[in-house]
Structure formats: C-alpha cells, structure tokens
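What follows is a short report on a single structure.
Side chains included, hydrogens not; waters and symmetry mates left out as well; all remaining heavy atoms used. First the proteins, then the strands, lettered A, B, ... as listed; each starts at 1.
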Amino acid sequence: MTDAAQRVAELRRQIDDANHRYHVLDEPTITDADYDRLVRELEDLEAEHPELADPNSPTTRVGATPSSAFEEVQHAIPMLSLNNAFEVEGAESDEERFREVADFVRRIVDEVEEAEPTFSVEPKLDGLAISLRYENGLFVRGATRGDGATGEDVSANLRTIRAIPLRLRGEAPPAVLEVRGEVYMPRAAFEAFNARAREKGERTLANPRNGAAGSLRQLDPRITATRPLAFYAYGLGVVEGVELPANHSQTLRWLRELGLPVCPEVDTAKGLDGLLAYYRRIGEKRDVLAYDIDGVVYKLDRYDQQRQLGFVSRAPRWAIAHKYPAQEQTTTVEAIEVQVGRTGALTPVARLAPVNVAGVVVTNATLHNADQIARLDVRVGDHVVVRRAGDVIPEVVRVVAEQIDPAKRGPAYVMPDACPVCGSAVVREEGEVASRCSGGLYCAAQRKQALIHFASRRAMDIEGLGEKIIDDLVEFDLVKSVADLYRLSLDDLLAMKRRAEERDGAVPETVKAGKIATRWAENLIEAIEASRRSTLERLLFALGILQIGEETAKALARSFGDLDAIRRADALILLAVPDVGPKVAQSIAAFFAEAHNQQIIDELLAAGVQPASSGEVDPALVKSLGLGGLILGAKRLGAPLEGLGDTSIERVAEQIDSLAALREAGEPRLVALGVPAGPAASLFALLDDDHWAPRLETAERQVSELRGRVRQTAGEGGPLTGKTVVLTGSLSALTRDEAGARLEQLGAKVSGSVSKKTALVVAGEAAGSKLDKARQLGVEVWDEARLLQLLAEHDLAP
DNA sequence: AGCCCTCGAGTTCT
DNA sequence: CTCGAGGGCT
C-alpha cells in the first residue's frame, strides 16, 4: 500500500470513529475544528489520488448534485403505524386516566398467559420515520416512510447526516440489514440554526419537527447538509444473512454494536406498573431531553410473543404509543374580532399575543359563537389557556381565573348588531347558535367568500384563483358575481395586477418583466375556461346554496339530470330527493326564487358554462313522485291538511293518479276510499287554494317531464348496490376520493362515518377511530388489497 | 316524540 | 376535526 493509501485509510477510520463516539457513544473525543481538519485533509488526498475513491468515504456525505424528484421505494416489510393511547381527560383515578394502556396490557397478558410480560420501552421522538438499507455493511439506500408501503428515496440527503454510519462496524456484517428509525433535529441545534439564520436574515424553521421533515425533502443535498439533523434507530425491516436476537431489547443493543445510534433512554419494563412508571419518568425529563418527544412507545419485548399477538389491519397488537396530553400554553387575548363567512355567519376570533404551542406559533383561535364566549366568559385582556385541538386547530380552553382582576377587567363581549364589513343588520334566528349578517351578496365579505367557494378545489376547481387574487378582483370591482369571472380578459387581469402593485408600493413586476406576469394571467384565464366543462354536481355545489354541500349537490344532480330542471323545480319535488327535507327544500327554492340568482345562472350559461355530466336521471326519484308524493310534500311544507294522515294519502294515491282525476272524483269518492270526511275536505280546500293549487299543478307538470327522461343510472345492479361503504386511512394505489367514485360505480353509497348500517369498511394505512368503531360493531373490514381485487374484477382497477 | 346518522359549515397554519 | 342541526327511522 502506498503512503497515500495508508493515510487515506487512517483518516477514514479516524473520521468514522469520531462520528461513532459522538453520535452513538455520546462521548465526543475531538473538537469540531480537529474534525474539520481531518475531513479537509482526506478531501485533498482523495482529490490527488482519484484511484483511492470510495463511495462510502466520509467525504462523500455531501457531493451528489440536486435532483429534480425523489424515486419511489417499495418497503418490502411495510413501515408500521402504531395505535395511540391518550390520557382520558378529567379522569378521577389513574385507572380511568390510563384505561387505554391498561386495556392494551390486559389483552397481552391474556394472550401470552404471563402475569407481567416484559416490554421494551422508548421515547417517541417527534421527527421523521425513515428506513436505511445496508448491504454487506455498506449504506446503499434510505427512504422516507411515505404511506408505509411506498416511500421516497432520500439517500443523498441521509448521507449528509453524520449520525448515520455509511459503513457498519464489526467483522461480519449481515448481507442485508434494513434499519428503521427517526431522523430528528436536536433542540439545541434547532435553536442555534435559527439564531444563525436570523443573523443572516434567512428563513427560520418553525419547529424541530418541521425542520427535520423539510430538510429531508430538499432536492439539493447541500442544503440538507447545513441542517443539524440526527438519527436514532428503533427497529428492523428486511434482514438477511444473520441470526436475529430473540427479543427487541437485544436487537437494539446489537444495532448499537453495529455503530447505529440508539436513544439512550430506551429501557425495559414489566407489566402495567412498569410501563406507567416509565411514562412518568420520561414525562418528568421531557423538558430537559435534547429532543422533542410526544409520547413513549411500549413494545412487547419477546419476538415469539409479538408473533403470537399479530396485527390488526396494519398496526401491531403488540405495541402502542402512549401520548402525553396536548401541550397547553397561556397567553393574552389582545382583541376579539368577528369574521364574516360565506353564509354570513359571524364568527368571533380571539387575537392572541403570539405563543408557541407545541411548535407552532398561534396568534388566532376561534371562539365559535356568542354562546361559547359566554360559556368561557372570555374578555379582552384576559389570560387564557390555549391548546391545539386534535393537534391542529387552536382553541381557547379556559380563562385563567387566578389572574382575573375584576376591577380592571373589560366588559363582557357582545356580538355586534351591525355587520363589521357592510353594516347590515345582524340577526340571530330563534334556536340557532350562529348570528348572521343579513346583507347577502351586498356584503363584500360574503361576496368574497362566495367566490372563494366557487373556485375551490371541490367546487369548480379553478387553479390559481385563490384568496389573494379574489381580494383584488373584488376590491377593484372587476368581479361582482361568479359569472363575471368568465368575462375577465387578459388585459383586465394585467391592469388589476398593476393597480394592486401600485397600491402595495411594490416593484411593478408587470412593467419590468412583462413575460412572467403575462404567463400568470394566461394560466388563470385558462383555468377559468377549463372550469366551464365541470360537472353538474360541482356547479350546484359551487353556487353556494345554503345547506347544499357536496352530497346534496350530488343527489340533486342525479335526481334531476340538468340545471334547468333544478332551477325550475318546486319545493314539492325537491322533497322527494334523498336527504332533502323541508328546510333544505325551502333553501333551494328560496335561492332560485331570487331573480338575482337566476340572472347569474343565465349569465353563467351564456358564458358557456356547460356541465359535462348532464342528462342522467335517477329513476328512484321519479318513482316516488306520484300524486301521493306531491301531497305528502305539500303536507311537510306546512300546507293546511288537517287530519290527513300518511295512510290516507297513500290510499288516495293508490286509486287516483293525477290532480285532474282527483278533482273529477270529488269528496264523496275519497270518503268511500276510507278517508275521513274532515281530512278529505281539507284536501279539496287545498285544490282551491290560491297558493297551493298552482304549485301542485306546476309540480305535477315537472314530474311528468322528468318521467320522460328516466334512464338507467350507473351502478344499478352493481355488486354493492344498497350497501353503505366507509373508507378510512390512506390508500396507496389510489386516493380515497378515487376509490369512493369507483365504489359508487359499483352501486355503493360511500359514507364518511361508521355506524351499524355500514356494510363494509375499507381500511387503508394508519386507519384510526373509524376502524376501531367498525370492529366494535362487527362490521366487515377489508384492506386495500381486497378492494383492489374487487375493482379489478369489474375493470375499475386504478 | 325521540334517537341516530349524516351532512354542512367553519377553522389554523405551513 | 368538531359541532350543530337536518333528515329519517323506530
């Protein structure tokens, strides 16, 4: 061996060793400066002697060039998700508080028939789960967890993390070793990174977790290399060419010997008491740990016992994550403001002094409505406890009573009686929780929200038309109604952009770089154009009719087939649509009764908005709409039909099939059919009523029109006809929406929540409470593979 | 008349 | 995700 080769080998050994001592043994032996010196010397030598290159030399940690996308990686053994146990709120006793963990332990004790089974216990780091693959001791690939089955190849980024060895230690490394673990950003490193970023005026990271996740998703590994990431191993994937230990805690020890860092807090514990003691011990240390955690994980230690317990769906029954309660923070209410929503609902929002709650700076929290404010008795200036409900949405939990000084306290909050945006009267309907602005589309806030709703993904899906642009369109009066969108020209948009830039005092981009700005406007116009060929149900939903969400819009579209039939439909007919009752029918009828709304629809049609899916009519609707259906509808809408019961109506409808025939038959005939005289009289009074008679006739005409257009609807007679199916968890081959659409083609009704009426639950990865509920109710559960099989049988495979 | 299920609507921050 | 309330079933 040449001198250079010897020196290179020596340097590589020293650098690897330094990394190992620092990250695995937690006993750094050389300074950062010395470390850097070694690396530089090695780099120089390798540059002079290209023949000594080695893909796993410590100098190769950063070197790869930016890629444009990450390759997909299939995990041969899926990366599991864990079931969670939360503390039961407001529990009086420990027994109650830790019920979920107790149940977990009890199940295991029963199954393995051991009074106090041993668990391997470890903190649950708040980072990003990854899988590392070593072949013959050399790092070959690393991937994110992804959906558990498929992840992204982030090898180049992982190589930059010094805690991840590029070469395993020991004489005889396994042929294949996949190690699972967590990439995280130590708190101190996170703080230091942000301090430096602030000095340099660069972007700071929101919290260590996002920092770790964002860093690994960088396309340029040189950026990842600047991020202070670390790694702890906690499990295995595929392993070949070596005998595994008999339990998990031995495996962790073995991984450490191979040079992989394992969290020093890992331990073993026996029985429920042991687990809870560990939970408390780590909980007390939580603030002084070098990294963020959100709970602890308990894993049954012995592998043979793990196998005995097995899996439910994709979560192991032998492990559970025990989460600490949501972090609460105290802050001050600086103001209470109201927002005006699409429907005019006024929502009070607490503006808070910025406070970091579990890694996210919270400045707003909804107070829902006047009742909620009264219940909490929140006032401006109060100290309040804030937490992120369900880990996402901030909420005010309570006012800190001890800090209230009654003398200095502001007045109780009162909802405004005029809309803060348009000044219209605010009304609160009897029995309703919400207060509403009565301004309708006169109110700029409602107009804006209507436009945002119209353009949103689930409605017309106009890409590029977001809140900011809508703000400007409304402010500069380019758009008053949704129909105006289709009349926008390129020049309009460019002129608007110029005015907005002037207003903001920004550099006039449109002037200096015309090309880019034009491109933006062209794309938007194109997206608006494309939305003209949306579907009928999307258009109906997009119109923003009160009470009409996606489901009802779908039902209406299927029942009537085209917009024209719906806009003319009488409330009597609407009532026959599934899930439409008096309130919803009234709301639809009221919307189309507004000349203003009809005009907007005319304009939309004139602008070429033409839903693609028109024409099909659900035969079930028309079937239920004979004379009986119409009379029943009138009754539900409050027509004066004293004493006329449903059975009487049915009896009449059996014998008489039209209004004309009813008139001809006359009262005596009804009495002969068994309808009591009084009710029969009230029905005939209705036929002479100025309000109801014409409505009934119009409705009857409309029904016969619809009858002429009945077609066989898709899905009729499919294998899932009449069955309610619930999708939960994430699927890998297709999205839930796509799966739902296909199931509907097979006749299924796809619902969002599990009940005893649910015929089938399809559980994807990381399915949660819905899956639990399905099991509780004994509902049939399928995994994704079973679903794909069914879809394939009907040529619906993705 | 009352209960159970769904659907609609609203919300935060990155 | 959560709440409230509309609709339908018993």
Side-chain angles (χ1 to χ4, degrees), chain A residues 86 203-207 209-211 213-214 217 326 337-352 354-372 375 386-397 428-436 445-446 449-450 452-453 456 458-459 466-467 537 540-541 543-556 574-588 624 632-633 636-637 646 724-726 728 749-759 768-770 773 777 779:
Chain A
F86 296 96
R203 276 193 60 157
T204 55
L205 304 170
N207 56 57
R209 205 211 104 81
N210 288 0
R217 300 214 73 252
E337 290 171 12
V338 285
Q339 288 175 354
V340 183
R342 170 171 69 89
T343 64
L346 299 193
T347 308
V349 177
R351 305 277 173 222
L352 306 167
V355 60
N356 193 313
V357 187
V360 172
V361 177
V362 171
T363 51
N364 298 316
T366 176
L367 293 165
H368 298 295
N369 52 56
D371 287 1
Q372 174 79 355
R375 205 160 31 236
V386 180
R387 86 174 152 207
R388 294 204 297 149
D391 255 11
V392 196
I393 296 168
E395 68 176 4
V396 173
V397 185
R428 183 171 172 181
E429 296 291 332
E430 185 88 22
E432 283 225 341
V433 183
S435 309
R436 295 199 139 84
Q446 291 187 55
Q449 295 295 329
I452 292 170
H453 175 72
S456 68
R458 312 194 81 104
E467 193 166 342
E537 56 189 74
L540 271 172
F541 174 55
L543 289 173
I545 306 166
L546 277 183
Q547 313 270 6
I548 306 304
E550 281 176 286
E551 289 302 318
T552 316
K554 194 189 286 178
L556 287 170
L574 293 169
L575 273 181
V577 176
D579 298 332
V580 174
K583 294 258 164 137
V584 175
Q586 249 353 325
S587 168
I588 299 167
S624 68
L632 215 56
R636 295 189 59 189
L637 286 173
D646 292 2
T724 303
V725 180
V726 174
T728 182
K749 178 168 159 36
V750 179
S751 163
S753 56
V754 179
S755 73
K756 63 177 179 234
K757 282 201 274 177
T758 309
S769 60
K770 287 180 203 166
K773 181 141 188 213
L777 295 171
V779 173

Q) Quick one: A:Leu575 CG to C:dG6 P, roughly how many Å, whole number? A) 14 Å
Q. For A:Leu352 and B:dT12, what is the distance between atoms CG and P respectively, to the nearest whole Å?
A. 10 Å
Q) Residues two or more places apart in sequence or in another chain: which of them pass side-chain hydrogen bond (donor to acceptor under 3.5 Å, both in side chains) with A:Ser587? A) none
Within the sub-3.5 Å range, which N or O atoms of nucleotides 3-5 of chain C have a protein N or O partner, and how far apart are they?
from, atom 1, to, atom 2, distance (Å)
C:dA5, OP1, A:Val433, N, 3.2

Q | Any residue meeting side chain to side chain contact (heavy atoms under 4.5 Å, CB included) with A:Ala445, in chain and number order, not counting sequence neighbours | A | A:Val340, A:Val421, A:Cys443
Q) Considering only heavy atoms from C-beta outward, does the side chain of A:Asn356 approach that of A:Val361 to under 4.5 Å? A) yes
Q.
How many whole angstroms separate atom CG of A:Leu546 from atom C1' of C:dG6?
A. 13 Å
**Q.** Results of side chain to side chain contact (heavy atoms under 4.5 Å, CB included) for A:Ala585 - residues two or more places apart only
**A.** A:Ala571, A:Leu574, A:Leu575, A:Val580
**Q.** Separation of A:Glu550 CD from A:Arg458 CZ (nearest 0.5 Å)
**A.** 4.5 Å
(Q) With a cut-off of less than 4.0 Å, is there a side-chain N or O of A:Thr363 near OP1 or OP2 of B:dT12? (A) no
Q) A:Asn364 side chain N/O closer than 4.0 Å to the phosphate oxygens (OP1, OP2) of B:dT11? A) no
Q. Which of residues 547-554 of chain A have a heavy atom under 4.0 Å from DNA chain B?
A. A:Gln547, A:Ile548, A:Gly549, A:Glu550, A:Glu551, A:Thr552
Q. Which residues satisfy the side-chain hydrogen bond (donor to acceptor under 3.5 Å, both in side chains) test with A:Asp579, sequence neighbours excluded?
A. none
Q | Pairwise distance NE2(A:His368) to CZ(A:Arg375) - rounded to 0.5 angstrom | A | 9.0 Å
Q. Quick one: A:Leu543 CG to B:dG8 C1', roughly how many Å, whole number?
A. 16 Å
Q) Within a strict 4.5 Å, meaning less than it, do heavy atoms of the A:Lys554 and A:Glu551 side chains meet? A) yes
Q. Excluding sequence neighbours, so at least two apart, what forms side-chain hydrogen bond (donor to acceptor under 3.5 Å, both in side chains) with A:Asp371?
A. A:Arg428
Q: Would you please name every residue forming a side chain to side chain contact (heavy atoms under 4.5 Å, CB included) with A:Val349, sequence neighbours left out?
A: A:Gln339, A:Arg351, A:Asn364
(Q) Check this one for me: any side-chain N or O of A:Arg351 less than 4.0 Å away from OP1 or OP2 of B:dT12? (A) no
Q: Would you mind classifying the nucleic acid contact of A:Arg209 as base, sugar-phosphate or nothing, using non-hydrogen atoms under 4.0 angstrom?
A: nothing
Q. Listed by chain and number, what are the side chain to side chain contact (heavy atoms under 4.5 Å, CB included) partners of A:Gln449, not counting sequence neighbours?
A. A:Arg342, A:Ile452
**Q.** Evaluation steps, side chain to side chain contact (heavy atoms under 4.5 Å, CB included), between A:Thr552 and A:Ile545
**A.** CA-CA 10 Å; A:Thr552 316; A:Ile545 306 166; over 6 Å; no
Q) Rounded to whole angstrom units, what separation is found between the CZ atom of A:Arg458 and the P atom of B:dC7? A) 13 Å
Q) For DNA chain C, what string of dots and brackets results from 5' to 3' when Watson-Crick and G-U pairs need both distances under 3.5 Å, crossing pairs get [ ], and pairs with another strand get |? A) ||||||||||
(Q) If I take atom CG in residue A:Asp579 and atom C1' in nucleotide B:dC4, what distance separates them, rounded to the nearest angstrom? (A) 14 Å
(Q) Using whole Å, what does the distance between atom P of nucleotide B:dG8 and atom CZ of A:Arg436 come to? (A) 15 Å
Q) Could you state the CD1-C1' distance from A:Ile588 to B:dC7, rounded to the nearest angstrom? A) 13 Å
(Q) Is any side-chain heavy atom of A:Val577 closer than 4.5 Å to one of A:Val584? (A) no
**Q.** Partners passing side-chain hydrogen bond (donor to acceptor under 3.5 Å, both in side chains) against A:Glu467 (at least two apart in sequence or in another chain)
**A.** none
Q. Heavy atom of residues 340-350 of chain A under 4.0 Å from DNA chain C: which residues?
A. none
